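Structure record follows, encoded as structure tokens.
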Amino acid sequence: MAFRPLGDRVLVRRVEEEEKTKGGIIIPDTAKEKPQEGKVIAVGPGARDENGRVQPLDLKAGDRILFGKWSGSEIKLEGEDLLIMKESDVLGVLD
């Protein structure tokens with residue numbers, strides 16, 4: 001993919017949720033909430049501090065992350081729905 005986020009932004013692909021509940025009930029698309037978990041696809045170089053130096057991000061491509069329900073901006077890139085968000089919108093990294 002030929003996309004590089006700028007500054008302290010990250011490109012995220014949402015992780016798909018289960019189609020069924022534990023009891024076997026199939027959840028229709030209209031009733032599903034968008035997942036708040038994703039995989040980092042690309043990261044920007046980092047934010048600049050007061051002196052103009054770039055502070056690298058803690059995230060890297062491949063990290064599984066949790067983010068807030070309303071975090072980021074949805075974009076469509078090469079036919080795929082992705083999110084662009086600031087590193088500060090990320091709540092944590094899953095190990």
Side-chain angles (χ1 to χ4, degrees):
M1 182 176 309
F3 182 82
R4 182 176 49 96
L6 299 177
D8 63 341
R9 289 179 177 78
V10 294
L11 183 65
V12 177
R13 177 183 295 127
R14 288 185 193 266
V15 174
E16 294 300 320
E17 288 189 349
E18 294 294 320
E19 299 288 323
K20 294 185 196 177
T21 65
K22 291 180 182 179
I25 299 171
I26 297 175
I27 303 169
D29 287 339
T30 55
K32 280 194 254 181
E33 285 193 24
K34 293 185 179 180
Q36 294 172 276
E37 183 178 330
K39 183 176 180 183
V40 176
I41 306 300
V43 298
R48 294 198 180 271
D49 63 11
E50 300 85 33
N51 299 323
R53 291 186 301 251
V54 175
Q55 297 295 320
L57 302 181
D58 292 331
L59 298 173
K60 61 185 180 305
D63 283 346
R64 281 181 73 100
I65 60 169
L66 292 176
F67 49 88
K69 187 178 246 181
W70 308 110
S71 297
S73 299
E74 293 184 359
I75 64 164
K76 191 172 216 90
L77 195 61
E78 295 179 1
E80 187 176 10
D81 291 327
L82 302 170
L83 285 169
I84 295 178
M85 65 181 69
K86 289 188 166 240
E87 185 184 39
S88 60
D89 291 338
V90 175
L91 302 174
V93 179
L94 298 169
D95 289 328

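In this text the structure is predicted, and so the values were computed from the model without any measurement.
For the atom pair NZ of Lys39 and CG of Leu11, the computed distance is 12.0 Å after rounding to the nearest 0.5 Å. Atom CG of residue Leu94 and atom CG of residue Leu66 lie 4.0 Å apart, to the nearest 0.5 angstrom.
Across every non-hydrogen atom of Met85 and Gly72, the tightest pair is CB-CA, 3.6 Å. The shortest heavy-atom contact between Pro45 and Pro5 is CD-O, 3.7 Å. Across every non-hydrogen atom of Val12 and Ile41, the tightest pair is C-CG1, 4.3 Å. For Phe67 against Gly38, the heavy-atom pair with the smallest separation is CE2-N, 3.7 Å.
Criterion: ILVMFWY side-chain heavy atoms under 4.5 Å apart, direct or through other members. Under it, Ile84 and Leu77 are part of a common hydrophobic cluster. Leu91 is not connected to Val10 by any chain of hydrophobic side-chain contacts under 4.5 Å among Ile, Leu, Val, Met, Phe, Trp and Tyr, and they are in different clusters.
Evaluation of the side chain to side chain donor-acceptor pair (under 3.5 Å) test over residues 83-95, restricted to residues two or more places apart or in two chains, returns none. For residues 58-67, the side chain to side chain donor-acceptor pair (under 3.5 Å) pairs, not counting sequence neighbours, are Glu37-Arg64, Lys60-Asp63.
Applying the side-chain contact (heavy atoms from CB on, under 4.5 Å) test to Ala61 and every residue at least two apart in sequence or in another chain returns nothing.
Counting heavy atoms from C-beta outward, Leu82 and Arg13 have side chains that approach closer than 4.5 Å. Leu83 is listed as a side-chain neighbour of Arg14, based on a closest heavy-atom distance under 4.5 Å.
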